[in-house]
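Taking it in order: structure first as structure tokens, then the write-up.
This is a predicted model, so every value here is computed, not measured.
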Amino acid sequence: EQYVTTSGVITGIKPESNSFFIQDFNSTTYSGIYVFDSFQNPVLGNEVDFTAQVEEYYGFTELTDVSSLSVISNGNSLTIKDITTGDLANGCTATGESLEGMLVRISDVSVTQAIIDDQFQEFKVDDGSGECQIDKWMFDGEEWIDPSLGQEFASITGLVGYGYPGVFEILPRTMSDIVLCPTCPVADAGNDQGVGLEVTVILDGSSSYDPDGSIIAYEWTQLSGTAV
């Protein structure tokens, strides 16, 4: 067992939990970590000092068994580190490891994989440098976003976690961490449908919209399955 005494500013609090992330803003890498705890009362922006045990939980470094927590200061500003999606691409890399637990932002990204898992509801985005996974694990909002394939975002901010299947990912905290592209059209292909052979299917994209004005055309692309 290894115990450490550390300090940092609270950058995110897990919903319905007393667990939180802290970060030392004096460093630009290897400066954030997740604190798994059930007894403290963390406040966003508080700088805290405490002793805890270091653990590796399925490849994710975290602090547990927190004791002697004290608040050094409050109302601290949170500095966001701008990165590329490629910095978190390609599984467990040295670059991703250096950003684990930190508050980061990616910009000008488009969705390369829509949500395919109803339980964890991850999706993937790319700014041209490599795919990055977005996960709702830290999201404290009423409704998680359900993006369309190809949808564009001006930016996505969040904490760097480590999730299934062995990839670093960004964990937005609230809806304000997710900024839609203000001028990009948004495609909505309607609800998923399951039908039998030789059954007529109606595709309805009428919920799609263009913030700049009227949609001038629709185009459908088949992504998988038997060609129709």
Notebook entry, point to check: Which other residues end up in the same hydrophobic cluster as Ile72, if Ile, Leu, Val, Met, Phe, Trp and Tyr are linked when side-chain heavy atoms come under 4.5 Å apart?
Noted result: none

Notebook entry, point to check: Going hydrophobic residue to hydrophobic residue with side-chain gaps under 4.5 angstrom, can you get from Met102 over to Val167?
Noted result: no

Margin query: For the backbone of Gly158 and the side chain of Asp177, can you confirm whether one donor and one acceptor N or O come within less than 3.5 Å of each other?
Written below: no

Notebook entry, point to check: Would Leu44 and Met175 show up in the same hydrophobic cluster when neighbours are defined by side-chain heavy atoms closer than 4.5 Å?
Noted result: yes

Note to self: Tell me whether Glu56 at atom CD has more than 12 heavy atoms from other residues, nucleotides or ligands lying less than 6.0 Å away.
What the structure shows: yes

Notebook entry, point to check: Quick one: does Lys81's side chain get under 4.5 Å of Thr28's, heavy atoms only?
Noted result: yes

Next item on the list: Kindly give the heavy-atom pair with the smallest separation between Gln151 and Leu180, and that separation in Å.
Entry: NE2-CD2, 3.5 Å

Note to self: Is there a side-chain contact (heavy atoms from CB on, under 4.5 Å) between Glu97 and Tyr30? Walk through the geometry before answering.
What the structure shows: CA-CA 8 Å; Glu97 185 78 27; Tyr30 297 102; 4.2 Å; yes

Checklist line | Nearest heavy atoms of Thr64 and Glu62, plus distance in Å | finding: CG2-OE2, 3.7 Å

Checklist line | Min side-chain heavy-atom separation Pro147-Ile115 under 4.5 Å | finding: yes

Next item on the list: Any chance you could lay out the side chain to side chain donor-acceptor pair (under 3.5 Å) test for Thr93 and Thr95, step after step, and finish with the verdict?
Entry: CA-CA 5 Å; Thr93 64; Thr95 301; 4.9 Å; no

Next item on the list: Kindly give the heavy-atom pair with the smallest separation between Phe25 and Ser77, and that separation in Å.
Entry: CE1-O, 4.1 Å

Margin query: Could you report the tightest heavy-atom contact between Ile156 and Pro172, atom names first, then the distance?
Written below: CG2-CG, 4.0 Å

Next item on the list: Over 60° means perpendicular and under 30° means parallel, so classify the ring planes of Phe60 and Phe21, tilted if in between.
Entry: tilted

Notebook entry, point to check: Do side-chain atoms of Gln113 reach the backbone of Glu122 as a donor and acceptor pair under 3.5 angstrom?
Noted result: no

Item checked: Point-to-point distance, once rounded to the nearest 0.5 Å, from CG of Asn46 to CG of Asn41 -> 10.5 Å

Item checked: Leu63 CG to Gln53 CD distance, which is reported to the nearest 0.5 Å -> 9.5 Å

Margin query: Using side chain to side chain donor-acceptor pair (under 3.5 Å), reason through Thr51 and Thr5 one step at a time and then give a plain yes or no.
Written below: CA-CA 4 Å; Thr51 298; Thr5 297; 2.9 Å; yes

Note to self: Just checking Asn90: does its CG atom have more than 12 heavy atoms from other residues, nucleotides or ligands closer to it than 6.0 angstrom?
What the structure shows: no

Next item on the list: Could you walk me through whether Tyr162 and Trp137 pass ring-ring contact (aromatic ring centres under 6.0 Å, His included), step by step?
Entry: CA-CA 11 Å; Tyr162 188 72; Trp137 191 66; over 10 Å; no

Next item on the list: Quick one: pull up OG in Ser98 and CG in Asp87 and give me the separation to the nearest 0.5 Å.
Entry: 7.5 Å

Next item on the list: Using distance alone, with no hydrogens and no angle criterion, decide if Ser176 and Thr174 have a side-chain donor and acceptor under 3.5 Å apart.
Entry: yes

Margin query: Going by the rule salt bridge (Lys or Arg N to Asp or Glu O under 4.0 Å), which residues pair with Asp82 if we only count those two or more places apart in sequence or in a different chain?
Written below: Arg105

Next item on the list: Check the hydrophobic clustering (I, L, V, M, F, W, Y; side-chain heavy atoms under 4.5 Å; chains of links allowed) and say if Val4 and Ile33 are grouped together.
Entry: yes

Item checked: Side-chain heavy-atom pair Asp117, Phe123 within 4.5 angstrom cut-off -> no

Item checked: Separation of Asp49 CG from Ser73 OG (nearest 0.5 Å) -> 11.0 Å

Checklist line | Distance in Å, Phe50 CZ paired with Asp65 CG, rounded so as to fall on 0.5 Å steps | finding: 11.5 Å

Margin query: Walk me through whether Gln23 and Thr11 qualify under side chain to side chain donor-acceptor pair (under 3.5 Å).
Written below: CA-CA 7 Å; Gln23 185 169 335; Thr11 53; 4.8 Å; no

Check: If we only count heavy atoms from C-beta on, is the Leu88 to Val160 side-chain gap below 4.5 Å?
Finding: yes

Notebook entry, point to check: Would you say Ser27's side chain and Thr29's backbone share a donor-acceptor pair under 3.5 angstrom?
Noted result: no

Item checked: Derivation and outcome, side-chain contact (heavy atoms from CB on, under 4.5 Å), residues Thr157 and Arg173 -> CA-CA 8 Å; Thr157 299; Arg173 302 159 298 173; 4.1 Å; yes

Next item on the list: Could you please spell out the steps behind the side-chain contact (heavy atoms from CB on, under 4.5 Å) verdict for Ile170 and Cys132?
Entry: CA-CA 8 Å; Ile170 294 179; Cys132 170; 3.9 Å; yes

Next item on the list: Indicate yes or no: at least one non-hydrogen side-chain atom of Val125 is less than 4.5 angstrom from one of Ile134.
Entry: yes

Checklist line | From CZ (Phe36) to OH (Tyr57), nearest 0.5 Å | finding: 8.0 Å

Checklist line | Crowding at OH, Tyr3 (>12 non-hydrogen neighbours, <6.0 Å) | finding: yes

Notebook entry, point to check: Can you check whether Tyr34 reaches Lys14 side chain to side chain, under 4.5 Å on heavy atoms?
Noted result: yes

Margin query: For Phe139, I'd like to know if atom CZ has over 12 heavy atoms of other residues, nucleotides or ligands within 6.0 Å.
Written below: yes

Next item on the list: Run the ring-centre check on Phe120 versus Trp144 and record whether the distance is less than 6.0 Å.
Entry: no

Item checked: Check: Ile83 and Ile106 side chains under 4.5 Å, non-hydrogen atoms -> yes

Margin query: Under a 3.5 Å cutoff, is there a donor and acceptor pairing between the side chains of Thr85 and Asp127?
Written below: yes

Notebook entry, point to check: Does one side chain, of Asp126 or Ser129, offer a donor that lies under 3.5 Å from an acceptor on the other?
Noted result: no

Checklist line | Leu171 to Glu169 - nearest heavy-atom pair and separation | finding: CD2-OE2, 3.8 Å

Check: Are Ser7 and Val48 close enough that some pair of their side-chain heavy atoms sits under 4.5 Å apart?
Finding: no

Notebook entry, point to check: Which pair of heavy atoms, one from Ile10 and one from Leu78, lies closest together, and at what distance?
Noted result: O-CD2, 3.8 Å

Next item on the list: For the pair Thr112 and Glu131, evaluate side chain to side chain donor-acceptor pair (under 3.5 Å) and give the outcome as yes or no after the intermediate values.
Entry: CA-CA 8 Å; Thr112 54; Glu131 277 190 331; 2.7 Å; yes

